[in-house]
Amino acid sequence: MVIQNNQVRLQADHIKGVLVISAAGQVHGMNARQFHDNLYNEIIAPGNFVVLDLEKLSYINSAGLRSILIVAKALQGKNTRFALCSLSDSVKEVFKIAGFDKIIEVFESRSDAIATIAD
């Protein structure tokens, strides 16, 4: 499934029993709500593992961070393991400044995330 809104695109795939959602583009105040709604709709289905691949995300602001945190908490409430992977340097810096790298697992690559999270 491919979901596109304003300047962010989500694509969901199932790989080795893991729901992998790839985000591309930018998340900002103009599209953060739609990003959140689309992301939440993808992860709401029952499952044990979710990886959000941010390799092609070039920008995220506090509204986008909030959306990811809400999704992470929702998944935690469902005992679903959640991780991020493939953050660009600029996006990684935003996550570090916000302290999100301390509360959400972050992997260097999609393959590392899938291998670890599905173990």
Side-chain angles (χ1 to χ4, degrees):
M1 170 179 256
V2 175
I3 302 167
Q4 190 165 348
N5 65 34
N6 201 0
Q7 294 180 340
V8 66
R9 184 175 60 95
L10 299 179
Q11 180 171 336
D13 298 297
H14 286 85
I15 302 170
K16 297 182 181 180
V18 177
L19 173 60
V20 178
I21 302 172
S22 301
Q26 299 181 352
V27 181
H28 47 73
M30 300 286 289
N31 66 5
R33 180 66 187 178
Q34 219 173 2
F35 169 74
H36 172 266
D37 291 347
N38 291 340
L39 182 59
Y40 194 82
N41 287 338
E42 281 299 317
I43 61 96
I44 201 66
N48 295 324
F49 313 110
V50 177
V51 171
L52 182 57
D53 185 338
L54 301 179
E55 179 178 18
K56 295 182 180 174
L57 191 72
S58 61
Y59 175 81
I60 189 165
N61 70 0
S62 60
L65 290 175
R66 180 180 177 279
S67 296
I68 291 173
L69 183 60
I70 290 169
V71 164
K73 286 184 177 188
L75 290 171
Q76 183 180 25
K78 294 173 32 176
N79 293 319
T80 299
R81 194 159 173 202
F82 177 63
L84 305 171
C85 71
S86 307
L87 282 67
S88 68
D89 289 340
S90 60
V91 171
K92 188 183 296 183
E93 184 68 20
V94 171
F95 275 84
K96 282 185 179 184
I97 290 169
F100 278 40
D101 61 328
K102 305 277 191 265
I103 57 175
I104 300 173
E105 288 183 280
V106 178
F107 294 91
E108 288 298 316
S109 70
R110 177 188 283 206
S111 59
D112 288 347
I114 291 169
T116 303
I117 208 167
D119 234 354

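Since we're looking at a predicted model, the values are computed, not measured.
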K.L.:
Between Asn31 and His28 (side chain of the first, backbone of the second, donor and acceptor by atom type, cut-off under 3.5 Å), is there such a pair?
P.N.:
yes
K.L.:
To the nearest 0.5 Å, what is the distance between CZ on Phe107 and CD1 on Ile114?
P.N.:
10.5 Å
K.L.:
How many angstroms lie between CG in Leu87 and OG in Ser109, if you round to the nearest 0.5 Å?
P.N.:
12.0 Å
K.L.:
When rounded to the nearest 0.5 angstrom, what is the spacing between OG1 in Thr80 and CD1 in Ile43?
P.N.:
7.5 Å
K.L.:
Give the cluster check for Val94 versus Phe82: same hydrophobic cluster or not, with ILVMFWY residues linked at side-chain heavy-atom distances below 4.5 Å.
P.N.:
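Same hydrophobic cluster.
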K.L.:
Sequence neighbours excluded and cut-off under 3.5 Å, please list the side-chain donor-acceptor pairs for residues 59-73, or say none.
P.N.:
from	atom 1	to	atom 2	distance (Å)
Asn61	OD1	Ala63	N	3.0
Asn61	OD1	Gly64	N	3.2
Ser67	OG	Ala63	O	3.2

K.L.:
Going by the side chain to side chain contact (heavy atoms under 4.5 Å, CB included) test, name the single residue among His14, Gln11, Arg110 that passes it with Val20.
P.N.:
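When side chain to side chain contact (heavy atoms under 4.5 Å, CB included) is applied between Val20 and each of His14, Gln11, Arg110, only Arg110 qualifies.
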K.L.:
Which heavy atom of Val106 sits nearest to which heavy atom of Asp101, and what is that distance?
P.N.:
CG2-CA, 4.2 Å
K.L.:
Might you point out which heavy atoms bring Leu39 and Leu10 nearest each other, and give the distance in Å?
P.N.:
N-CD1, 3.7 Å
K.L.:
Minimum heavy-atom separation for Ala23 to Leu54, with atom names?
P.N.:
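The pair with the smallest heavy-atom distance is CB-CD2, 3.9 Å.
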K.L.:
Who passes salt bridge (Lys or Arg N to Asp or Glu O under 4.0 Å) against Glu55, sequence neighbours left out?
P.N.:
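Testing Glu55 for salt bridge (Lys or Arg N to Asp or Glu O under 4.0 Å), a comparison that skips the adjacent residues, returns none.
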K.L.:
Pair Arg81, Thr116 - check side-chain contact (heavy atoms from CB on, under 4.5 Å), show working.
P.N.:
CA-CA 11 Å; Arg81 194 159 173 202; Thr116 303; 3.9 Å; yes
K.L.:
Linking I/L/V/M/F/W/Y whenever any side-chain heavy atoms sit under 4.5 Å apart, do Val18 and Leu52 land together?
P.N.:
no
K.L.:
How long is the span from the CZ atom in Phe49 to the CG atom in Leu75, to the nearest 0.5 Å?
P.N.:
12.5 Å
K.L.:
Nearest 0.5 Å, please: how far is CD1 in Ile97 from CZ in Phe95?
P.N.:
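Result: 12.0 Å between the selected atoms.
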K.L.:
Give the cluster check for Tyr40 versus Val51: same hydrophobic cluster or not, with ILVMFWY residues linked at side-chain heavy-atom distances below 4.5 Å.
P.N.:
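No.
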K.L.:
If I compare all heavy atoms of Ser90 with all of Ser58, which pair ends up nearest, and what's the gap?
P.N.:
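So the two residues come closest at OG-O, 3.7 Å.
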K.L.:
Closest heavy-atom contact between Leu19 and Ala12?
P.N.:
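Scanning both residues completely, I find the closest heavy atoms to be CD1-CB, 4.1 Å.
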